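These numbers come from the heavy atoms of this one structure, side chains and all, not from hydrogens, waters or symmetry mates. This one's a predicted model, so the numbers in the text were calculated from it and none came from an experiment.
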Amino acid sequence: MQNAKESILLKFLCYIFIPIMIFVLTISIIDVSITSQYGEMEGPEEYIETEEFGREYLLALIYKVQDISEDKEEQRINQKNTNTSQTSEMISESYLTASETNTSGDTSFDKETSKLFSHYNEIEDESYEYPVYYEVANYNSTMISQYINYIIIDEETGNMFTNIRSNNYPEEINKLKAEKTYWSYQDGNIITNINTINQESTKYMTSSAYSIDNFEGYEVYSNIAPDTLNYSNSLYVQQTVYNIFKGHENLPAYLIPLSAISIIIMIVYLIWATGHEKGKEGIQLNSIDKISYEIISIVIMFVIGMMMSFAIASVESQIPQRILMSVFLLCYLIGYACLAVWVSTTIRRLKAKQFIRSFLTYKVCRWIKVTIEKIFRKVTDKENANRKITIMYWGFVVISIILACTMWSGIGLLVLIAFWMWTYYKLLQYNKKVQKINEALRNIYEGNPNVKLNEEELEGTLKIMAKYINDIAGGFTNAIDQSLKSERLKTELITNVSHDIKTPLTSIINYVDLLKKEEINNAQIEQYIAVLDKKSQRLKKLIEDLVEASKVSSGNVKLNMEVINLKELLNQTIGEFEDKLEKKNLKTEMDLPNENVLITADNRYLYRVIENVFSNISKYALEGSRVYIKLEKHKEEVYLEFKNISKDKLNISAEELMQRFVRGDKSRYTEGSGLGLSIAESLTELQGGKFKIDIDGDLFKVEIKWKGES
């Protein structure tokens, strides 16, 4: 059962067979209905012999004759009114002329004024001696009237009315008489091969208003157009039913219950299985189910209505049977598909308990409810800033309206103006309190945590904000104090430890110097002394770096700012490192300007910055590579750049490399404390410069900028 519920194939087959079964059921019901009404018919020819067809055929011709008679009578009245308004002499002359042309003594119908009829246009035809009028468009309400070929002759005027285009109308009359479905009226006699509307049958078919007497004074010749069976009309319906059930007269008897039961079974299965998918629990909704129910219902009903209208319009139009069947089939399938989508989405929403929630109306009402609840919470929440604003605003509106209604009196106008001024004053007071809070926040942002707001002067949300700001300011003050204390303790620790280490280290260095001066014949001992000398010097340098880094970070550095020739200082430093660079086979590429480059800095600390950079290059540059040094001045800014290729892979970022005790390759045990670049950066910034490192693969670049002196 679970597999059947989740089977996509079964659902697909049901959706395919339901429209087929509905079509079979509909055709079967139509056939049974037509058979019960008209009896057993083998084809459309039998339908022509039915009383219904005869009545419709006869009424169509009566309508046309009546229309011609009404137009003719209207023209008689117009002619009579025109003659009456003329002078007595013209009246007498017109009367004599009328007497000569009307031998019967009745008021004559002037052919010259009878050229236009409501549904006919006069055409020229030399084969007929009287005017011929061609029907512009079919105007009868009966369906069969669209398929009747007719010629009507007014016996009084000789005028001919027809819907047949021809150059020889006497010959057309003979052609009409030769057709199977021929009907004519002449001198009170009916000549036809349609038994239901012959001379005897018409006596019992028509009423007093629409009887055979309507044809008096006219000759009528007509027949059913030969190609009528190829177009949509009642005859076409009969032919279609005949073609479908030809040879299966008893088939509909058991097709109706069989197709109805099949449809019910498939619909029940789809209702049961809709929404279930293989491998998924519960009812599954798709993208269509997420569309608002009203919208999808309106769209689907609109499409179905359009298809029905299109199908009905196609029946009333003259199109071939094969095209009409295709139109019917297309409209039917589109309408069924829309209806299937609408029903399936309705079932899924109901089974998933989302039907009511899928309505746009529900969503709008829920949004309104949520919005009202939010407004209510804001108004009732004393700690919410919107509460006071909402109350004040709407209170202002209501009071203003009330006072405005009393403006007819001078006192009311004064009270209204006073109320507006009081409201403006309260807004200024409120804004003044907000400004105090804003000023406190600005001070904290700028690094001044010594802020204290008087909470008693404020109320509501502003009071809560003041409390938070005071707490934040106090926390910042404590954090800064703790940070300063920690930094001070750290500096003192480094200074004290460094001092304690330097005293015995100095003794070690001195004694190593004394040992170096002694004559020692043991090569092994000389090697030991060399190692002691090297390591003690390295330790001394490390201690000096620690002390200097500590002083720089704590700001405990006294600068002696003066104008320095950076070009000269750079050449001096390069000369000092020349031996170390040559030892690593590093070639220096200099790009220095011809003129002197002056900056304001501390000569000792500036030298330390450049020395640290050169020291870093001499330790970590790739042997046998080039070192690029560039010094230039752009407007008021001096730019110094060092570039070299690292001998080891730079596996860290520039930001990490600038941190203390960090070197390019953390796995190496080479000389250096990892403080050189950090000290260089700090010293540069203390002197008003900018120190920056860039790493691009193995390329190591240092950029230093100062404000130049003219």
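Atom CG of Asn189 is surrounded by more than 12 heavy atoms from other residues, nucleotides or ligands within 6.0 Å. Few gaps surround CE on Met301; more than 12 heavy atoms of other groups in view lie less than 6.0 Å from it. A 6.0 Å sphere centred on NZ of Lys290 holds no more than 12 heavy atoms belonging to other residues, nucleotides or ligands.
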List the steps and the verdict of side chain to side chain contact (heavy atoms under 4.5 Å, CB included) for Thr157 and Tyr130. CA-CA 8 Å; Thr157 63; Tyr130 296 100; over 6 Å; no
Where do Phe215 and Ile62 land on the side chain to side chain contact (heavy atoms under 4.5 Å, CB included) test, with the steps shown first? CA-CA 7 Å; Phe215 294 113; Ile62 290 174; 3.6 Å; yes
Derivation of the side chain to side chain contact (heavy atoms under 4.5 Å, CB included) call for Tyr185 and Glu219: CA-CA 6 Å; Tyr185 177 89; Glu219 295 180 9; over 6 Å; no
For side chain to side chain contact (heavy atoms under 4.5 Å, CB included), just list the numbers for Lys64 and Ile152, CA-CA rounded to whole Å, side-chain angles, deciding distance to a tenth of an Å, and then say yes or no. CA-CA 9 Å; Lys64 293 187 182 296; Ile152 300 174; 4.2 Å; yes
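A donor-acceptor pair is defined here as one N or O able to donate and one able to accept, closer than 3.5 Å; such a pair exists between the side chain of Asn193 and the backbone of Glu179. Although no hydrogens or angles enter the test, the distance criterion places no donor-acceptor pair under 3.5 Å between the side chain of Asn149 and the main chain of Ile164. Side-chain atoms of Thr181 come within 3.5 Å of backbone N or O of Ile224 as a donor-acceptor pair. Between the side chain of Thr274 and the main chain of Arg348, no donor-acceptor pair closer than 3.5 Å is present. A donor-acceptor pair under 3.5 Å is formed between the side chain of Thr192 and the backbone N or O of Ile194. Checking side-chain atoms of Gln199 against main-chain N and O of Ile190 turns up a donor-acceptor pair under 3.5 Å. Put simply, the side chain of Ser7 gets close to the backbone of Leu10: a donor and an acceptor are under 3.5 Å apart. Remark: the backbone N or O of Ile68 is not paired with any side-chain donor or acceptor of Asp71 at under 3.5 angstrom. No side-chain donor-acceptor contact under 3.5 Å links Lys278 to the backbone of Ile8.
A donor-acceptor contact under 3.5 angstrom links the side chains of Glu135 and Tyr150, judged on distance only. With hydrogens and angles left out, the side-chain atoms of Tyr218 and Ser69 include a donor and acceptor closer than 3.5 Å. No hydrogens or angles considered: a donor-acceptor pair under 3.5 Å links the side chains of Tyr57 and Ser222. With 3.5 Å as the limit, one finds a donor-acceptor pair spanning the side chains of Asp289 and Thr345.
Counting only heavy atoms from C-beta outward, the side chains of Glu155 and Glu216 never approach each other to under 4.5 Å. Using a 4.5 Å heavy-atom cutoff, the side chains of Tyr15 and Ser344 are in contact. In this structure, Asn159 and Val132 have side chains that are not in contact, with every pair of non-hydrogen atoms separated by 4.5 Å or more. Looking only at side-chain heavy atoms (C-beta outward), Trp183 and Leu176 stay at 4.5 Å or farther from each other. Contact check for Met160 versus Ile151: side-chain heavy atoms found under the 4.5 Å cut-off. Side-chain contact between Cys14 and Tyr269: present, with at least one pair of heavy atoms (C-beta onward) separated by less than 4.5 Å. Two residues are said to be in side-chain contact when any heavy atoms from C-beta on lie closer than 4.5 Å; Val65 and Leu61 fail this criterion. The side-chain heavy atoms of Ser292 and Ile296, taken from C-beta on, include no pair separated by under 4.5 Å.
Between Tyr336 and Trp342, the gap from one ring centroid to the other reaches at least 6.0 Å.
Here OH of Tyr63 is found 10.5 Å from CG of Asn214. Values are rounded to the nearest 0.5 Å. Summarising the geometry, atom CG belonging to Asn163 is positioned 8.5 Å from atom CD1 belonging to Ile148; distances are rounded to the nearest 0.5 Å. Rounding to the nearest 0.5 Å places NE2 of His276 at 13.5 Å from NZ of Lys280. Put simply, CG on Leu270 and CD1 on Ile265 are 12.0 Å apart, with the number rounded to the nearest 0.5 Å. For the atom pair OG1 of Thr361 and CZ of Arg366, the computed distance is 15.0 Å after rounding to the nearest 0.5 Å. Within the model, atoms CE of Met266 and CD1 of Ile264 stand 10.5 Å from one another, a figure rounded to the nearest 0.5 Å.
Minimum interatomic distance between Glu281 and Gln284 (heavy atoms only, all atoms of both residues): O-NE2, 2.8 Å. Minimum interatomic distance between Met21 and Ser259 (heavy atoms only, all atoms of both residues): O-CB, 3.8 Å. The two residues Gly217 and Asp154 make their nearest non-hydrogen contact at O-OD1, 3.7 Å. Shown here for Gly54 and Ile197, the closest heavy-atom pair between the two residues is O-CG2, 3.2 Å. In plain terms, the two heavy atoms of Pro170 and Asn168 that are nearest each other are CD-OD1, 3.2 Å. Of all heavy-atom pairs between Glu294 and Ser358, the closest is OE1-O, 4.4 Å.
Scored by the side-chain contact (heavy atoms from CB on, under 4.5 Å) test, Ala352 finds Ile283, Leu285, Gln354 as partners (sequence neighbours excluded).
A salt bridge does not link Glu171 with Lys177: none of the charged nitrogens is closer than 4.0 Å to a carboxylate oxygen.
Test Tyr133, Tyr169, Tyr221 against Phe161 for ring pair (Phe, Tyr, Trp, His ring centres under 6.0 Å) and you get one pass: Tyr133.
Taking the six-membered ring for Trp and thresholds of 30 and 60 degrees, Phe359 and Tyr293 have ring planes inclined between 30 and 60 degrees apart.
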